[in-house]
Amino acid sequence: MDIRLFIEEWIKLGNAFDTDAYLEKYRADAILDDPSVGRKFIGHKGIRDYFTTYFIGYKTQTRLMKLDIHGNEAHLEVEFTGEFPEGKIGGTFDIILRDEKIAAVKAALI
């Protein structure tokens with residue numbers, strides 16, 4: 001599996017607001033933990049809610065700034081732009097992949 005290509009495609013699908021294709025990148029039991037919003041989002045239903053609210057709702061676009069890959073884990077530094085109060089803000093994603101899909105994500109704003 002080419003993790004760099006996988007991450008680039010995941011970001012591209014997110015920026016296109018292609019919810020179904022975006023969710024296909026996740027395992028059905030994936031967990032997305034975002035302490036900045038104070039919640040964990042579980043499974044496709046939870047992650048759909050997160051994506052709809054914080055990405056589609058704010059017209060968020062994500063730009064990859066840095067990517068470190070170690071085995072089946074990736075650490076991303078990103079820049080978010082969108083219709084939220086800051087207009088532009090940094091963030092990170094720590095992603096664990098299993099069976100060529102995202103098993104867990106910890107998201108944070110910086």
Side-chain angles (χ1 to χ4, degrees):
M1 173 181 192
D2 184 333
I3 293 176
R4 175 173 289 282
L5 184 62
F6 179 93
I7 296 297
E8 289 171 355
E9 178 71 11
W10 176 69
I11 290 172
K12 180 180 171 185
L13 292 168
N15 287 342
F17 307 126
D18 187 341
T19 305
D20 291 334
Y22 180 82
L23 288 172
E24 281 299 311
K25 295 290 186 182
Y26 290 85
R27 291 175 48 90
D29 61 350
I31 298 172
L32 190 153
D33 181 8
D34 188 341
S36 65
V37 300
R39 286 186 55 199
K40 288 184 181 179
F41 301 84
I42 300 172
H44 283 185
K45 184 177 187 291
I47 295 167
R48 178 184 294 274
D49 178 49
Y50 177 83
F51 185 67
T52 301
T53 301
Y54 299 105
F55 284 78
I56 296 172
Y58 288 107
K59 296 182 174 61
T60 302
Q61 294 292 294
T62 305
R63 184 165 65 114
L64 181 62
M65 305 300 285
K66 183 178 179 186
L67 174 61
D68 293 317
I69 300 168
H70 300 283
N72 68 329
E73 298 183 13
H75 173 78
L76 291 69
E77 293 179 16
V78 298
E79 179 182 85
F80 298 115
T81 56
E83 295 180 0
F84 42 85
E86 299 84 357
K88 183 190 308 187
I89 194 165
T92 62
F93 290 109
D94 288 300
I95 298 173
I96 298 172
L97 298 153
R98 190 170 53 227
D99 302 324
E100 300 190 5
K101 292 193 180 228
I102 298 170
V105 179
K106 183 158 189 177
L109 297 176
I110 54 174

Working note: E79 + Q61, criterion side chain to side chain contact (heavy atoms under 4.5 Å, CB included); need CA distance, chi angles, decisive distance, verdict.
CA-CA 8 Å; E79 179 182 85; Q61 294 292 294; over 6 Å; no

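- Considering every non-hydrogen atom in both K101 and Y26, the closest pair reads CD-O, 3.7 Å.
- The hydrophobic cluster containing L97 also contains I69, counting ILVMFWY residues as joined when their side-chain heavy atoms lie under 4.5 angstrom apart, directly or transitively.
- A continuous path of ILVMFWY side-chain contacts below 4.5 Å connects F93 to F84, so both sit in one hydrophobic cluster.
- To the nearest 0.5 angstrom, I42 atom CD1 is 12.0 Å from D49 atom CG.
- Using the six-membered ring where Trp is involved, F51 and F55 have ring planes that are parallel, under 30° apart on the 30 and 60° scheme.
- For the atom pair E83 CD and T60 OG1, the distance stands at 9.0 Å (nearest 0.5 Å).
- Remark: the backbone N or O of I96 is not paired with any side-chain donor or acceptor of E73 at under 3.5 angstrom.
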Applying side chain to side chain contact (heavy atoms under 4.5 Å, CB included) to L76 and I11, what does each step give before you reach the verdict?
CA-CA 11 Å; L76 291 69; I11 290 172; 4.1 Å; yes

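- Note that CD of E24 and CD of E9 are 12.0 Å apart. Values are rounded to the nearest 0.5 Å.
- Nearest heavy-atom pair across T92 and V78 is N-CG2, 4.4 Å.
- By the 6.0 Å contact criterion, OH on Y58 is open, its count of non-hydrogen atoms from other residues, nucleotides or ligands being 12 or less.
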Evaluate the side chain to side chain contact (heavy atoms under 4.5 Å, CB included) criterion for residues K25 and I95: first the C-alpha distance (whole Å), next the side-chain angles of each, then the deciding distance (0.1 Å), finally the verdict.
CA-CA 12 Å; K25 295 290 186 182; I95 298 173; over 6 Å; no

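- Looking at T19, its side chain never comes within 3.5 Å of a backbone N or O of R48 through a donor-acceptor pair.
- Contact detail for P35 and A107: the closest heavy-atom pair is CD-O, 3.2 Å.
- Follow the hydrophobic side-chain contacts under 4.5 Å out from M1 and you reach Y22 in the same cluster.
- Here CG of D2 is found 10.5 Å from CD of E100. Values are rounded to the nearest 0.5 Å.
- In this structure, CD1 in I47 is found 8.0 Å from CD1 in I102, a value given to the nearest 0.5 Å.
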Could you walk me through whether D99 and R27 pass the side chain to side chain contact (heavy atoms under 4.5 Å, CB included) test, one step at a time?
CA-CA 8 Å; D99 302 324; R27 291 175 48 90; 2.7 Å; yes

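- Grouping the Ile, Leu, Val, Met, Phe, Trp and Tyr side chains by contacts below 4.5 angstrom, directly or via other members, places L67 with L109.
- Of all the heavy atoms in G71 and I3, the pair that sits closest is O-CD1, 3.2 Å.
- Closest approach of D34 and Y50 over heavy atoms only: OD2-OH, 2.7 Å.
- Hydrophobic clustering of Ile, Leu, Val, Met, Phe, Trp and Tyr side chains at less than 4.5 Å, counting indirect connections, unites V37 with L32.
- Atom NE2 of residue H44 and atom CG of residue D29 lie 8.5 Å apart, to the nearest 0.5 angstrom.
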